[in-house]
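Note sheet for the following structure.
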Amino acid sequence: MRTFLVSIQKEDKFFVARCPELGVTSQGETLEEAQANITEAIELYIESFSEDLPRETSKPFWTTVEVAYA
């Protein structure tokens, strides 16, 4: 078992899910569908490229910053 970082954002009508560690992207009409689809996409990636799978690394720190703009 391995844990991967996934980001899910609402973009227009879809939720877009991205796994930056593997470069895998998927989407869904709901948050739950996007989560299920990215899980499946990651599993398929691992099946196809298991020998190229990066070693587990420390998890990145993600945060937000506020920037003023005109």
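We use all heavy atoms of the structure for the numbers below, so side chains are in, but hydrogens, waters and symmetry mates are not.
One N or O on the side chain of E21 and one on the backbone of L5 form a donor-acceptor pair closer than 3.5 Å.
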Side-chain donor-acceptor contacts of residues 38-46 below 3.5 Å, not counting sequence neighbours, with atom names and distances?
from	atom 1	to	atom 2	distance (Å)
T39	OG1	Q35	O	2.9

Pairs under 3.5 angstrom only: tabulate donor-acceptor contacts from the side chains of residues 62-70 to other protein residues two or more places apart or in another chain.
none

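Note: N37 CG to T25 OG1 = 12.0 Å, rounded to the nearest 0.5 Å.
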* **Trace of the side chain to side chain contact (heavy atoms under 4.5 Å, CB included) decision for E33 with F15** => CA-CA 8 Å; E33 184 180 8; F15 288 88; over 6 Å; no
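Pairs passing the ring pair (Phe, Tyr, Trp, His ring centres under 6.0 Å) check and including a residue from residues 21-42, sequence neighbours excluded, do not occur. Residue pairs meeting the salt bridge (Lys or Arg N to Asp or Glu O under 4.0 Å) criterion with at least one member in residues 4-13, sequence neighbours excluded: E11-R18.
A single hydrophobic cluster is seen to contain both V6 and L22, as judged by linkage of ILVMFWY side chains at heavy-atom distances under 4.5 Å, directly or through other members.
By the 4.5 Å heavy-atom criterion applied to side chains, L31 and I8 are counted as neighbours.
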